Structures are given as C-alpha cells and as structure tokens.
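Have a look at the structure below before the remarks.
It should be emphasised that the depicted structure is a prediction, and the values quoted were computed from it without experimental measurement. Atoms within each ligand, like the ligands themselves, are counted from 1 in listed order.
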Amino acid sequence: EKAGYRHFMAKEIAEQPVVLADALREAGRDGTLSLAADLDFRDVDRLTLVACGTAYYACVVAKYWFEQVARLPVDVDIASEFRYRDPPLSPKSWAIFVSQSGETADTLAALRHAREQVARIVAVVNVPTSSIAREADAVLPIRAGVEVGVASTKAFTCQLATLLLMALKAGQDRGVLTAEQVAAHRADLAALPGLMNHALRLAEPIALLAEDLAEAQDILFLGRGAMYPLALEGALKLKEISYIHAEGYASGELKHGPIALIDARVPVIVMAPRDALFEKTVSNMQEVMARHGKVLLISDARGVAEAGAGCWRCLTLPEVPDLLAPILYAIPAQLLAYHTAVAKGTDVDQPRNLAKSVTVE
Ligand code: F6R
C-alpha cells in the first residue's frame, strides 16, 4: 500500500500533484469549486480561523489570502488558546475550523465554544464523516484521500487549496475581484499540479544536502509575507520527524533576537520566491551570511541568479503566481524534513510521542 515507496510520508508527498488535480476536478463537478451561492461572504464582517499544528499554519497562510484578495479582516487562533480565551466574536462573523482528521479535541471544543456566537460555523476537513464536520453548518471537504503518515503533507496542500478557493469566492462576493480575475486565479490553480511535479524533482538534491542538515543541532527557517507561515511549517515538519530543533521566523524578526543564534554551524533555510518582498528577505539573508550562517536559499531561477552568490546551497523551483507560492513551496519544506529524517534513521511515519489524531486535550 506504500506503492513502492519506503514510507507513507514519501508516497504522500509524491502524490500531491495527482491528489490536488483530482480534488480540484471533483470540486468543479459538485460545485465546491465555486462554493456555490451557499457560502455568501457579502454580509460577513470578519473571519476567525482556528486549528492546531500544520492545519493552523494553513490558516495563517489563508489570513494573508483573505486580507489580500477579499479585504476581509481575519483572526487566526490556535484551538487550545481560542477555547479558553473567550475572545469577543462578532455575530456577523464566521468561524472556520480546519482539521485533517476532524477529530482533534481542542479544535472540536473551540467549535463548540463559538457555536452560539457567530453567524456561521464552517468546517474544512479531510474526513467528511468526522465530529467537526457533523457539528458545522457548512462543510468543505479538502479531498486529500487517506493520510497515513503522522506528519501531515498532502492534507496541508489540499487545505491550502480549499482555503484559497474560499478567499477567491469572498473576493468576488465582496466586489474586490471581478469574475474574470477569479477565473484567472482558478486557471493558475489548475496549472499548479504541473509545477508541483517540477518541485518534486528536488528530491534528489535535497536527499544529498540532507546528509549535512542531519548533523545540525539547530536549524532556522525564514520567510516573509505568506512565506512566513511556510517557514513555521517547515520547522514543525523538520522537528517532528528528524528531532532536530528548528524554528521558523518572519525574516524581519531576525534582528530582534534570533540573529544571536547564528554561527557557521546553524543552517538557515530561506524560502523566498522572487516576489515584491524578495529584496527585503535577501537583505535579511545577507545579515545571516555576514555572521557566517549557512544559508540554503529556496527560490526560483531569477531569485537564485540574483541572490544565490555566497549561499551554502540553492534550490530552484519553477516560477509560480504569487498567490500560489505557499502551496508550491510546501513541497521542498516537506522533502527537507523527510530526507533529513531518513538520513538520521528515525521512524518517519510514526515519530516518537506523536499520534495521527489528537483526541485528548
Ligand atoms: C503535523 C501534524 C499536526 C496536525 C495537528 C492537527 O505534521 O500533522 O500538527 O496538523 O495535530 O490535526 P488535525 O488537522 O487532524 O486537526
């Protein structure tokens, strides 16, 4: 059932282009792609996105999207914080709960907490028969298929795609995007599986440099804008399966503390497509290099040509429309974690102390 792969995680990383293409096709067939009229964002004044772990990082990416394409204010919260903080919620707001399993105890409790306070409870889940799906007013399936590896991979990219479709619908409903603009973004999304196939070719160079990463005590991930949550996700994935201490930071935060950690032994992984924020990120990267940090730059060909000099290593991804970059850059983040764990010989599919579905608080 691993289809020739050594681990479920490897299989689940590799199948993402097909899984995403199928998910989009099915969503087109049953109307989820357009979210029909059923989810009408015209009267919504605010969104609250709540989840745990990797699903939470998908929510942080979605905050950037909803703000940018729909000009809709978004709060993002970790479920275990949200449920006890008792934040004031607008009766015209929606609360969106994102969960692969649909059974995460804190996320379910957060949903119940929001129940009487918001206009609508929306579930974004992989398991449509789950508790979180059953208790929501509207359910959006991410259609990732069964995910066996404890480290979430294909569910993350499918969560992102579903949240992006929601953001586009919100943008159209609120008059921020025209129907033509939405159609253009959807066409970009339909082309994404092809770019993901290219990204998967990085498996080989990543397996080689993972031999070095496996020696590190600490690894930092940096990103700006919607690449910031990807830095957080890259660090989480790496620490949970390779047991190497890793932290994700917003690039601009570097000089507010973490730069003190930098020396020649600390690999710093910079996720930076050649977008409007690229130069800002590069200047943070140069601060790292000036302190002899070992920079691994992940960018596109233009980015690597402009800023690759002096880096320890560079990985080149295809160019991708800005909005979709977080989905594409998830692949090298996952491959780095996977191959580093393999180099260390850890139990990739069943990391110590972790469960696939966290049904206790
Ligand atoms: C990390 C990972 C976890 C889950 C988290 C939420 O790779 O898998 O952080 O994302 O436990 O689980 P779900 O999405 O099932 O609510």
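Of the heavy atoms in Glu240, only side-chain atoms (C-beta onward) come closer than 4.0 Å to ligand 1. When non-hydrogen atoms are compared, ligand 1 lies under 4.0 Å from the side chain of Lys237 (C-beta onward) but not from its backbone.
In terms of protein heavy-atom proximity, atom 14 (O) of ligand 1 is nearest to Gln100 N, 2.6 Å. Nearest protein neighbour of atom 3 (C) of ligand 1, counting heavy atoms only, is Thr54 N, 4.1 Å. Scanning the protein for heavy atoms near atom 15 (O) of ligand 1, the closest one is Ser101 OG, 2.7 Å. Nearest protein heavy-atom neighbour of atom 5 (C) of ligand 1: Cys52 O, 3.6 Å. Counting protein heavy atoms only, atom 11 (O) of ligand 1 is closest to Val358 CG2, 4.2 Å. Looking only at heavy atoms of the protein, atom 12 (O) of ligand 1 is closest to Thr104 OG1, 3.5 Å.
Aromatic ring orientation, Tyr338 versus His7: perpendicular (interplanar angle above 60°, classes split at 30° and 60°). Note on ring orientation: taking the six-membered ring where Trp is involved, the planes of Phe41 and Phe66 are tilted (angle from 30° to 60°).
Inclusion of Leu236 in the set of residues having an N or O under 3.5 Å from an N or O of ligand 1 is not warranted.
Ligand 1 lies nowhere less than 4.0 angstrom from a heavy atom belonging to Ser357. Residue contacts with ligand 1 leave out Ile132, since none of its heavy atoms falls under 4.0 Å from the ligand.
By the 6.0 Å contact criterion, CZ on Arg115 is enclosed, its count of non-hydrogen atoms from other residues, nucleotides or ligands being greater than 12. Under a cut-off of 6.0 angstrom, the local environment of CZ in Arg71 is sparse, with at most 12 non-hydrogen atoms contributed by other residues, nucleotides or ligands.
With ligand atoms numbered from 1 in the order given, ligand 1 contributes 9 (O) to contacts under 4.0 Å with heavy atoms of Gly53. Residue contact check: Ala151 has heavy atoms under 4.0 Å from atoms 7 (O) of ligand 1. Atom numbering of ligand 1 starts at 1 in the shown order; those under 4.0 Å from a heavy atom of Ala55 are 10 (O), 14 (O). The distance from ligand 1 to the heavy atoms of Val150 drops below 4.0 Å at these ligand atoms: 8 (O).
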Check: Could you walk me through whether Leu315 and Leu209 pass the side chain to side chain contact (heavy atoms under 4.5 Å, CB included) check?
Finding: CA-CA 10 Å; Leu315 292 170; Leu209 65 86; 4.2 Å; yes
Check: Does the side chain to side chain contact (heavy atoms under 4.5 Å, CB included) test come out yes or no for Val320 and Asp300, once each step is laid out?
Finding: CA-CA 8 Å; Val320 58; Asp300 45 47; over 6 Å; no
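Judged purely by distance below 3.5 Å, without hydrogens or angles, the side chains of Gln334 and Thr153 never pair a donor atom with an acceptor atom.
With sequence neighbours excluded, no residue satisfies side chain to side chain donor-acceptor pair (under 3.5 Å) with Arg313.
Ion pair Glu215/Lys344 not flagged as a salt bridge, since none of the NZ, NE, NH1 or NH2 atoms sits closer than 4.0 Å to an Asp/Glu carboxylate oxygen.
Closest heavy-atom contact between Pro351 and Val150: CD-CB, 3.7 Å.
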